[in-house]
Amino acid sequence: MNEIPSCYNPKNTEDKWYKFWEENGLFSATPNPSKEPFCIVIPPPNVTGILHMGHALNNTIQDILIRYHRMKGYETLWLPGTDHAGIATQNVVEKQIAKDGLTRQELGREKFIEKVWQWKEKYGSTIIQQLKKLGASCDWKRLRFTMDDAYSDVVNEVFIRLYEKELIYQGDYIINWCPRCQTALSDEEAPHQEIEGHLYYIKYPLASKLQITNYKSQNYIVVATTRPETMLGDTAVAVHPKDRRYKKFIGKSLILPLINREIKIIADEMVDRKFGTGAVKVTPAHDPNDYLLGKKYKLDFINIMNPDGTLNENASIYKGLDRFAARKKIIEDLKSSELLEKIVPYKISAGHCYRCHTLIEPYLSRQWFVKMKPLAKPAIEVVKRGKIKFYPKRWTKVYLNWMENIQDWCISRQIWWGHRIPVYYCRNCQQIDKLQISNSESPINLKEQAGLIISREKPEKCPLCGSTDIYQDEDVLDTWFSSWLWPFATFYWPKESEDLKYFYPTSVLVTAPEIIFFWVARMIMAGLEFMQDIPFHDVYIHGTVRDIEGRKMSKSLGNIIDPLEIIEYIGADALRFSLIMITATGQDVFLSEDKFKTGRNFCNKIWNAARLILMNLDKENINFDLCIFFKEEKLSIVNRWILSTFYSTLKKIEKAIRSYNFNEYANLLYHFFWHQFCDWYLEIIKPNIKEPQNQLVMYKVLEKFLRCLHPIMPFITEEIWQRLPHRSNSIMIESWPHIQEQIIDKKLEDDVETIFEIITAIRNLRKEFSLNKDLKLNISLYIKDNRKSQLIISFLGELLHLAGIDRFEVLKEIPSYREKIGIIVKDINIFMRLKGLIDVEKEKKRINKERDALILEIKRKIALLKNNNFIKKAPSAIVEKERETLKQLQDRMHTLKEILNGIENI
RNA sequence: GGGCGCAUAGCUCAGUCUGGUUUAGAGCGUUUGCUUGACAUGCAAAAGGUCAGAGGUUCAAAUCCUCUUGCGCCCACCA
């Protein structure tokens with residue numbers, strides 16, 4: 001007794017057992033043809049990552065699935081790894097070297113990358129250590145990193161294969177440019193956010209009226225814009241061809257203010273007559289729509305901006321100013337030359353860098369793209385045909401909608417940390433100046449591009465001219481261009497390894513909704529393209545962890561709850577259980593610190609129940625053969641009840657896990673253990689805890705319960721299980737309990753619960769009338785149902801201590817209620833002599849209240865049963881049930897009246 | 001402009017897909033009583049809900065359909 005503390009302390013167990021599992025190789029998986037595989041590839045966290053609540057939830061769910069299937073007998077692999085996270089990691093290391101006053105440019109590419117690798121070696125495994133703290137049972141021997149040599153080979157191979165299939169092209173397009181990170185971004189990396197902006201109305205004078213200083217409406221056209229600084233790059237103004245206001249101006253010229261460049265007025269149906277003034281400035285190098293117009297009407301493309309967001313030499317006197325400073329200055333200048341008509345507040349939705357939240361600049365530059373439509377087609381099919389299923393299924397629609405409107409994917413990034421594009425150039429053959437703005441045909445015809453070499457290995461010399469003056473493309477690939485290969489690149493495709501054959505396709509992908517487009521969709525496309533098979537069967541999308549007010553947790557808001565602090569304080573088990581308990585399938589989680597009490601208290605409850613059992617369990621003499629009791633039908637009612645209840649619960653649990661209802665799974669175990677096993681079962685057997693069958697059943701149920709709970713709470717279950725008599729090495733490799741259908745007895749469960757209600761009713765009465773706790777009661781019962789009557793006779797005796805009952809008798813006929821008080825539970829009448837001990841008026845009031853409710857209920861039932869439609873149309877079983885219910889209610893009414901009469905005489 | 005989610009007890013949410021076994025559940029909080037040898041991180045009990053509103057379908061609606069209101073999210077090139 002002294003050896004088990006009365007308060008559970010996770011610190012004594014968690015690290016100890018994790019080490020034990022790892023050292024015993026319990027996490028590792030090997031292809032085994034005699035077993036079914038179950039495999040999850042982890043959504044690789046960024047190497048820069050530190051564990052947040054989103055990770056905690058995501059990985060807890062995965063670990064539950066993994067541990068469950070492992071116990072179910074699958075060859076189970078959870079493959080871990082980290083993502084090199086191009087921009088994020090580069091930013092981190094840049095910040096670090098900035099402390100020494102260095103920039104990456106000063107350091108040079110090679111040195112800088114060396115620094116990043118050093119950083120990765122030092123800090124890159126932080127998140128891995130944190131996942132271990134959480135209890136994640138990953139096969140760490142297979143830890144992958146997207147920048148490993150073998151993985152990088154896969155990335156190159158994929159690039160080249162796509163190139164060979166002409167699914168990769170290079171061209172000059174308007175892309176999302178982050179002036180802070182100074183790189184292109186894909187559309188997904190530049191999410192739109194609404195910002196408070198302005199709509200500026202600017203007068204563009206007609207060329208023929210240039211000399212007139214006093215502008216009148218006939219002498220100019222007003223254009224509306226949200227980004228006035230881009231006017232420096234205007235090469236036209238467009239109006240709708242049918243717009244009466246402007247028809248006469250089409251084909252004429254305007255003078256671009258401040259720059260004094262002559263620009264044409266063109267007509268195109270793309271222009272919305274209702275917006276602004278109906279005339280739109282056209283800046284082909286700085287706006288995607290204007291770009292299209294520029295192509296269509298062969299306008300000039302004037303880039304006015306440097307990669308860092310300052311204006312370049314094309315911006316005349318504004319050169320060198322930052323884009324926002326330039327905007328301010330331009331507005332001032334327009335104002336002073338009376339060319340600004342008005343400014344109105346205007347909300348605009350604009351792209352922001354998903355890494356640094358800087359406002360994106362639409363920017364014309366030469367980039368590499370993947371043609372997505374051909375890849376998307378089969379990926380749409382597999383989801384439509386149900387080969388891949390989303391849980392909850394509403395995400396299917398989101399996925400399909402995106403897939404059906406898919407845009408080409410810009411995959412080149414102007415950063416240094418990442419997979420360098422396997423494209424080489426021969427200086428001798430042709431110079432290609434990146435970011436040089438051209439009006440050339442796009443996409444560029446790569447096959448005819450002299451001096452461009454696409455190769456798995458760095459070529460020694462140019463295959464055309466033999467020159468050795470060769471250099472590699474400066475750009476690296478989008479981080480997601482490596483992540484989208486994750487389910488097979490982690491097995492080092494295209495090598496046909498045993499692992500790849502055995503574990504691919506993986507079983508399920510567990511992730512958050514933000515990542516459906518970035519990753520899930522693309523993995524499906526890559527799997528189908530390169531493996532000719534889906535990458536996973538199920539996609540489980542869980543919710544986002546938010547704070548109690550529904551905001552995302554973020555450092556800047558200061559509303560972060562750190563999972564590691566929670567683990568430090570209450571342990572990983574409690575954290576895991578609490579999270580799972582409050583996470584309904586696919587629903588966002590609103591978190592606050594007090595929610596973790598649930599898990600902490602539950603740990604303690606389990607600990608103490610186990611403590612009670614361990615203190616009383618005769619480990620030496622326990623008979624493990626449950627069959628003996630069953631065969632001889634010697635098992636007591638309470639033991640049959642707890643076993644039946646356990647297996648009923650287990651059945652529901654299996655169903656819940658299969659449908660990804662993890663909160664239901666947690667809830668079922670919580671309720672079973674706390675309110676059925678502890679509150680009733682253990683309390684009932686406590687006085688006879690040493691009886692052999694009680695010894696056995698309490699042990700069995702606890703042990704099986706621990707196995708069921710293990711996927712959610714791996715540590716405490718192992719700790720207790722190890723203290724119980726056990727055969728194998730660890731609970732995590734024990735088998736999941738089988739449902740014993742023959743033990744489930746619903747009728748018995750119902751009856752026993754009715755008996756519990758009797759106890760509750762009596763406790764309630766004692767409380768209501770403040771009966772002295774030492775007062776022992778004598779009760780009499782009348783039960784119409786003979787079967788139930790037998791049950792009560794043989795069972796109630798074990799329960800008397802729970803309600804302070806001294807004796808009870810079961811009567812053959814309805815008793816007289818004279819001088820007694822009565823209570824009714826279902827169809828059981830209970831009465832007892834309490835003369836002089838209770839407040840009669842109070843009791844009368846209580847019974848009257850009960851009667852009023854009963855009258856209403858009976859009226860409703862009668863009305864229902866008088867309804868011919870109901871009798872005719874409802875299933876006969878339902879009608880029968882309603883009749884039965886009515887009869888019971890009427891019996892009850894009758895008894896209540898008797899009780900009321902009887903009470904008058906007390 | 002499209003699409004989605006949510007609205008149920010004071011608070012946070014289950015239950016809704018598959019209508020009738022639930023007199024609508026849980027946890028937290030509140031109230032009351034317990035220092036009985038597993039556990040006060042506990043035990044026993046209580047109070048608390050016209051299931052957002054309106055209409056419809058049905059013998060029967062928290063549950064299915066339509067609309068309205070209020071919050072939240074995602075997508076989209078209206079300058």
Side-chain angles (χ1 to χ4, degrees), chain A residues 1 4 6-8 174 187 191-192 199 223-227 230 238 270-272 274-277 279-283 287-292 346 348-349 351 362 392-395 397-398 401-402 405 513-514 516-517 543-544 546 548 550-551 570 574 578 581-592 594-595 597-616 661 663-664 667 670-671 675 678-679 682-683 686 750 760 763-768 770 773 802-803 853-854 856-857 864 867-875 877-879 881-882 885:
Chain A
M1 160 135 196
I4 309 172
S6 72
C7 189
Y8 176 62
I174 300 274
D187 295 340
H192 281 74
L199 200 50
V223 297
T225 179
T226 54
R227 292 185 298 150
T230 62
M270 221 169 96
V271 178
D272 179 356
K274 282 181 251 122
F275 188 89
T277 59
V280 55
K281 57 192 271 317
V282 181
T283 324
D287 182 275
N289 279 326
D290 297 1
Y291 172 83
L292 295 176
Y346 187 69
I348 39 170
S349 170
K393 66 168 179 270
R394 68 184 132 93
W395 295 109
K397 216 168 154 184
V398 176
N401 182 52
W402 186 76
N405 297 294
E514 301 91 273
I516 293 177
F517 307 140
T544 307
R546 300 172 179 281
I548 203 71
R551 303 171 304 180
I570 58 167
S578 307
M581 190 84 162
I582 59 171
T583 307
T585 317
Q587 222 48 55
D588 285 356
V589 188
F590 289 46
L591 205 60
S592 58
D594 63 304
K595 303 238 163 143
K597 270 162 94 173
T598 316
R600 182 197 59 167
N601 293 359
F602 191 41
C603 277
N604 203 53
K605 187 71 184 175
I606 296 166
W607 183 251
N608 277 290
R611 189 161 164 261
L612 170 74
I613 291 170
L614 285 165
M615 284 186 316
N616 289 288
N661 284 320
N663 62 322
E664 176 74 0
N667 247 310
Y670 183 87
H671 179 254
H675 299 303
C678 292
D679 288 353
L682 291 179
E683 290 305 326
K686 221 188 253 178
D750 280 355
T760 301
R763 282 169 172 169
N764 195 345
L765 201 77
R766 295 190 76 112
K767 173 99 179 170
E768 192 166 355
S770 309
K773 67 183 164 56
L802 298 183
L854 200 55
L856 272 178
E857 189 73 4
L864 180 64
N867 185 340
N868 271 333
N869 277 326
F870 173 69
I871 306 292
K872 265 189 282 179
K873 295 190 181 169
I878 298 286
V879 177
K881 204 198 96 200
E882 292 297 343
T885 311

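We name chains A, B, ... by the order of the sequence lines, and we start the count at 1 in each one. Just so we're clear, the structure is a prediction, and the values are computed from it rather than from any experiment.
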Closest to side chain of A:Cys678, choosing from B:A38, B:U41, B:A45: B:A38
About how many Å separate CG of A:Asp290 and OG1 of A:Thr230, when rounded to the nearest 0.5 Å? 7.5 Å
Quick one: does [X]'s side chain get under 4.5 Å of [Y]'s, heavy atoms only?
X: A:Val282; Y: A:Asn289; answer: no
X: A:Thr544; Y: A:Val589; answer: no
X: A:Met270; Y: A:Val280; answer: no
X: A:Lys686; Y: A:Asn616; answer: no
X: A:Met581; Y: A:Asn667; answer: yes

Does [X] reach a base, just sugar-phosphate, or nothing at all? Heavy atoms under 4.0 Å.
X: A:Thr760; answer: sugar-phosphate
X: A:Arg394; answer: sugar-phosphate
X: A:Asp679; answer: sugar-phosphate
X: A:Cys603; answer: nothing

For nucleotides [N] and [M], find the distance between their [atom1] atoms and express it as a whole number of Å.
N: B:G19; M: B:G3; atom1: P; value: 27 Å
N: B:G56; M: B:U63; atom1: P; value: 14 Å
N: B:G70; M: B:U58; atom1: P; value: 32 Å
N: B:C6; M: B:C65; atom1: P; value: 12 Å
N: B:G5; M: B:A14; atom1: P; value: 14 Å
N: B:U16; M: B:U21; atom1: P; value: 14 Å
N: B:U32; M: B:A7; atom1: C1'; value: 33 Å
N: B:G1; M: B:C17; atom1: C1'; value: 29 Å

Distance in angstrom units between [X] [atom1] and [N] [atom2], rounded:
X: A:Trp607; N: B:G42; atom1: CH2; atom2: C1'; result: 17 Å
X: A:Ile582; N: B:C13; atom1: CD1; atom2: C1'; result: 9 Å
X: A:Asn764; N: B:U32; atom1: CG; atom2: P; result: 17 Å
X: A:Asn867; N: B:C59; atom1: CG; atom2: C1'; result: 5 Å
X: A:Arg763; N: B:U32; atom1: CZ; atom2: C1'; result: 16 Å
X: A:Glu768; N: B:A46; atom1: CD; atom2: C1'; result: 10 Å
X: A:Asp588; N: B:C71; atom1: CG; atom2: P; result: 18 Å
X: A:Glu683; N: B:C34; atom1: CD; atom2: P; result: 19 Å

Contacts of type ring-ring contact (aromatic ring centres under 6.0 Å, His included), residue A:His192, not counting sequence neighbours: none
Only counting residues at least two apart or in another chain, list the ones meeting ring-ring contact (aromatic ring centres under 6.0 Å, His included) with A:Phe517. A:Trp402
Closest to the 5' end of RNA chain B, once A:Cys7 and A:Lys397 are matched to their nearest nucleotides, is A:Lys397
With sequence neighbours excluded, residues passing side-chain hydrogen bond (donor to acceptor under 3.5 Å, both in side chains) with [X]:
X: A:Thr225; answer: none
X: A:Arg227; answer: A:Glu361
X: A:Asn405; answer: A:Asn401
X: A:Ser592; answer: A:Asp594

What N/O pairs connect the protein and nucleotides 47-51 of chain B at under 3.5 Å? Give each pair on its own line.
none

Please write out the pairs of protein N or O atoms and N or O atoms of nucleotides 18-29 of chain B separated by less than 3.5 Å, giving the distance to one decimal.
residue: B:G27; atom: OP1; partner: A:His675; partner atom: NE2; Å: 3.2
residue: B:G29; atom: OP1; partner: A:Lys597; partner atom: NZ; Å: 3.2

Considering residues at least two apart in sequence or located in another chain, which fulfil the salt bridge (Lys or Arg N to Asp or Glu O under 4.0 Å) criterion with A:Lys767? none
Distances under 3.5 Å only, N/O to N/O: pair up the protein atoms with those of nucleotides 74-79 of chain B.
residue: B:C77; atom: O2'; partner: A:Asn289; partner atom: ND2; Å: 3.3
residue: B:C77; atom: O2; partner: A:Asn289; partner atom: OD1; Å: 2.6
residue: B:C77; atom: O2; partner: A:Asn289; partner atom: ND2; Å: 2.6
residue: B:C78; atom: O2; partner: A:Asp272; partner atom: OD2; Å: 2.6
residue: B:A79; atom: OP2; partner: A:Tyr346; partner atom: OH; Å: 2.8
residue: B:A79; atom: O2'; partner: A:Ala224; partner atom: O; Å: 3.4
residue: B:A79; atom: N6; partner: A:Asp272; partner atom: O; Å: 2.7
residue: B:A79; atom: N6; partner: A:Phe275; partner atom: O; Å: 3.4
residue: B:A79; atom: N1; partner: A:Asp272; partner atom: N; Å: 3.2

Would you state whether a donor and an acceptor, one from the side chain of A:Lys872 and one from the base of B:C59, lie under 3.5 Å apart? no
Looking only at atom types and distance, does a side-chain atom of A:Arg766 sit under 3.5 Å from a main-chain N or O of A:Ala803, one as donor and one as acceptor? yes
Heavy-atom donor-acceptor pair, A:Asp287 side chain to A:Thr283 backbone, under 3.5 Å: no
Pair up each side-chain donor or acceptor in residues 597-610 of chain A with any protein partner under 3.5 Å, not counting sequence neighbours, and list the distances.
residue: A:Thr598; atom: OG1; partner: A:Lys595; partner atom: O; Å: 3.2
residue: A:Asn604; atom: OD1; partner: A:Tyr8; partner atom: N; Å: 3.1
residue: A:Trp607; atom: NE1; partner: A:Pro5; partner atom: O; Å: 2.7
residue: A:Asn608; atom: OD1; partner: A:Arg611; partner atom: NH1; Å: 3.4
residue: A:Asn608; atom: ND2; partner: A:Ser6; partner atom: O; Å: 3.1
residue: A:Asn608; atom: ND2; partner: A:Asn604; partner atom: O; Å: 2.9

Are A:Lys595 and B:C11 close enough that a side-chain N or O sits under 4.0 Å from OP1 or OP2? no
With both pairing distances under 3.5 angstrom for Watson-Crick or G-U wobble, and | for a partner in another strand, the correct string for RNA chain B is (((((((..((((......[....)))).(((((.......))))).....(((((..]....))))))))))))....
